[in-house]
Amino acid sequence: MNDLEEWNDWQDSGEMDFEFPPVRPRKRGRGIKAMLWGLSAFLLVLAVGVIVIGMNSSRRADFSILFDDKSRTVPYNSHAESSYAADLSLPEAPQVSADRNGPQISVTEVSEEEISSVANRAYRNASPSIVCITSYQAGTDYVLNQSGEGSGIVITADGYIATNSHVVDDSKDTGVMITLSDGTQYLGTVIGVDTKTDLAVVKIDAVDLRAAEFADSSRLYVGQEVYALGNPGGAKFSNSLTKGTVSALNRVVSTGYVKYIQTDAAINPGNSGGALINEEGQVIGMNTIKLVGTDYEGMGFAIPSNQVIAIINKLIKYGYVNDRGTLGIEGTNCTLYQSKANNVPQGVVITKIFYDSPLYSHVKEQDIITAINGVTIRNFTEFIDELSAFKPEDEVTLTLFRVPESKERRPYSFQVTVKLMEDRGE
């Protein structure tokens, strides 16, 4: 009999009082397995619950100290663990106040030699000899008509001071006021100027000044450490020291009368006439010019001390340079490129002839000087070097090259013999 037949019989007999069909009983073995699976699942859930409860209890124990006092708050920090718990272990702040017998800070005493650097020793040796020079145009009021400020170097104890010619406006008539390193001021007199080398001498009425020591500039070498000492910006920044090296020697910048020391020590307006010194504080040059422009940095120039000595001694003695010969002309270089491009020799192109020049009636502007007494001249520097060997009234023979204005005539060379005139440099 199947289930449906049993259901119909039970329903017809009236013995069953429920409406749902009975479920067929399962075999006994399947029931035991189901009970075991259920028990296993219950035990697993119970174990997981115990572990979770344990972790929560531990966490609550770790942080309970933070919240045992409801008045405390902990600042939120999402990037670091709170150190609030550690802070609670700090000792209490001491109950103290100012104490006249309390500990004091003191300076550790060291000798002057221990604290003095090479640069400082050089500065201390040279700085008393550096002065500030304020110039005033001739015949003007010393208060209202200041024309500039520069530097100077004390060269004798009785008040002779060396500086640049342009610092005193290239004139003996310029009024000057000298401010020593200790602030003492004097009115001064310009004794002599030499515009060719940009050197001048000023005299003040003083005694017992600290004269600078001069070193032999012929012994300088590239890479030697040097210091520029002067008044950059004028008296406001007096006796400022800057450090650098000798970048190059025998640099020709302008006229060729000076072969400069090139240095990267900072030189600024007001440094002119100041000293370039070595590590002993000795003067090795006089700071004079610098290249200025957005593309230039650290290119200053100083007149070598040997040339400063030679010219200053003459200015003190004569008020001018007494033994320098000149031809009374101005010129410029005919470079190798110009020579090749125009099919002319290298040399010095005459650009101006002064009326008192011994060449005035013998040469023309644009003539090219190619030799002096048979010695080839290729540029203005060589021209000055060769000419410096002669004195005023000495005869020299010049070789020149001329390109005629008329195209019908061919370029040609010729020679002229003349006596040198005196070049005082005033």
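Looking only at distances, no side-chain donor or acceptor of Asn231 sits under 3.5 Å from a matching main-chain atom of Gly270. Between the side chain of Tyr123 and the backbone N or O of Gly281 there is no donor-acceptor pair closer than 3.5 Å. At least one donor-acceptor pair closer than 3.5 Å links the side chain of Gln307 to the backbone N or O of Tyr257. Asn373 contributes a side-chain N or O that, together with a main-chain N or O of Thr397, makes up a donor-acceptor pair within less than 3.5 Å. A donor-acceptor pair is defined here as one N or O able to donate and one able to accept, closer than 3.5 Å; no such pair exists between the side chain of Thr326 and the backbone of Glu422. Side-chain N or O atoms of Asp182 include one that pairs as donor or acceptor with a backbone N or O of Thr184 at under 3.5 Å. Checked by atom type and distance alone, the side chain of Ser357 never pairs as donor or acceptor with a backbone atom of Ile329 at under 3.5 Å. Using a distance-only test at 3.5 Å, with no hydrogens or angles considered, a donor-acceptor pair links the side chain of Asn306 to the main chain of Ser217. A donor-acceptor contact shorter than 3.5 Å is absent between the side chain of Ser151 and the backbone of Gly230. A donor-acceptor pair under 3.5 Å links the side-chain atoms of Thr195 to the main chain of Gly425, judged by distance alone.
Cys334 places a side-chain heavy atom less than 4.5 Å from the side chain of Val344. The shortest distance between side-chain heavy atoms of Leu327 and Leu398 falls below 4.5 Å. At least one side-chain heavy atom of His362 sits under 4.5 Å from a side-chain heavy atom of Val418. At least one side-chain heavy atom of Gln346 sits less than 4.5 Å from a side-chain heavy atom of Leu336. Contact of the Lys391 side chain with the Asp323 side chain is registered, since non-hydrogen atoms from C-beta on lie closer than 4.5 Å. With contacts defined as side-chain heavy-atom distances shorter than 4.5 Å, the pair Leu220/Leu249 qualifies.
For the side chain to side chain contact (heavy atoms under 4.5 Å, CB included) test with Ile161, the passing option among Ile204, Ile153, Ile130 is Ile204; the others fail.
Between Ala126 and Ile277, the shortest heavy-atom distance links the atoms CB-CD1, 3.9 Å. Of all non-hydrogen atoms in Val283 and Ala275, the two that sit nearest each other are CG2-CB, 4.0 Å. Here the closest non-hydrogen pair linking Leu199 and Leu315 is O-CD1, 3.8 Å. When all heavy atoms of Gly325 and Pro392 are compared, the pair lying nearest together is N-CD, 3.9 Å.
Looking only at atom types and distance, the side chain of Gln338 has no donor-acceptor partner in the side chain of Asn342 under 3.5 Å away. Side-chain contact, Asp170 with Ser165: a donor N or O sits under 3.5 Å from an acceptor N or O. In this model, a donor atom of one side chain and an acceptor atom of the other lie less than 3.5 Å apart for Ser218 and Asp216. Using a 3.5 Å distance cut-off with no hydrogens or angles, the side chains of Arg121 and Asn125 do not pair a donor with an acceptor.
A salt bridge links Arg324 with Asp194; the closest basic N to acidic carboxylate O contact falls under 4.0 Å. Using a cut-off of 4.0 Å between Lys/Arg side-chain N and Asp/Glu carboxylate O, Asp158 and Lys203 are scored as not salt-bridged. Taking the charged nitrogens against the carboxylate oxygens, Lys172 and Glu426 do have a contact shorter than 4.0 Å, which makes a salt bridge. Contact check on Asp394 versus Lys419 returns no salt bridge, with no Lys/Arg side-chain nitrogen under 4.0 Å from an Asp/Glu carboxylate oxygen. Between Asp385 and Lys259, at least one side-chain nitrogen of the basic residue sits less than 4.0 Å from a carboxylate oxygen of the acidic one, meeting the salt-bridge criterion.
With a 6.0 Å radius and a threshold of 12 heavy atoms from other residues, nucleotides or ligands, Asp205 has its CG atom at or below the threshold. Applying the 6.0 Å contact sphere to OH of Tyr337 captures no more than 12 heavy atoms from other residues, nucleotides or ligands. Heavy-atom neighbours of Arg378 CZ from other residues, nucleotides or ligands within 6.0 Å: at or below the threshold of 12.
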Q. Between Thr179 and Gln185, does a side-chain hydrogen bond (donor to acceptor under 3.5 Å, both in side chains) hold up when you go through it step by step?
A. CA-CA 4 Å; Thr179 305; Gln185 294 184 321; 3.2 Å; yes

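Not a single side chain to side chain donor-acceptor pair (under 3.5 Å) links Asn268 to another residue, sequence neighbours left out. When the side chain to side chain donor-acceptor pair (under 3.5 Å) test is applied to Thr245, the partners found at least two apart in sequence or on another chain are Asp264.
Note that CG of Asn287 is 8.5 Å distant from CG of Asn164, once rounded to the nearest 0.5 Å. Rounding to the nearest 0.5 Å places CD1 of Ile191 at 15.5 Å from NZ of Lys317. Here the CG-CG distance, from Leu180 to Leu209, works out to 6.0 Å after rounding to the nearest 0.5 Å. Atom CZ of residue Phe414 and atom CZ of residue Arg402 lie 4.0 Å apart, to the nearest 0.5 angstrom. To the nearest 0.5 Å, atom OH of residue Tyr360 and atom OH of residue Tyr355 are 10.5 Å apart. For the atom pair CG (Asn271) and OG1 (Thr242), the distance works out to 6.0 Å, reported to the nearest 0.5 Å.
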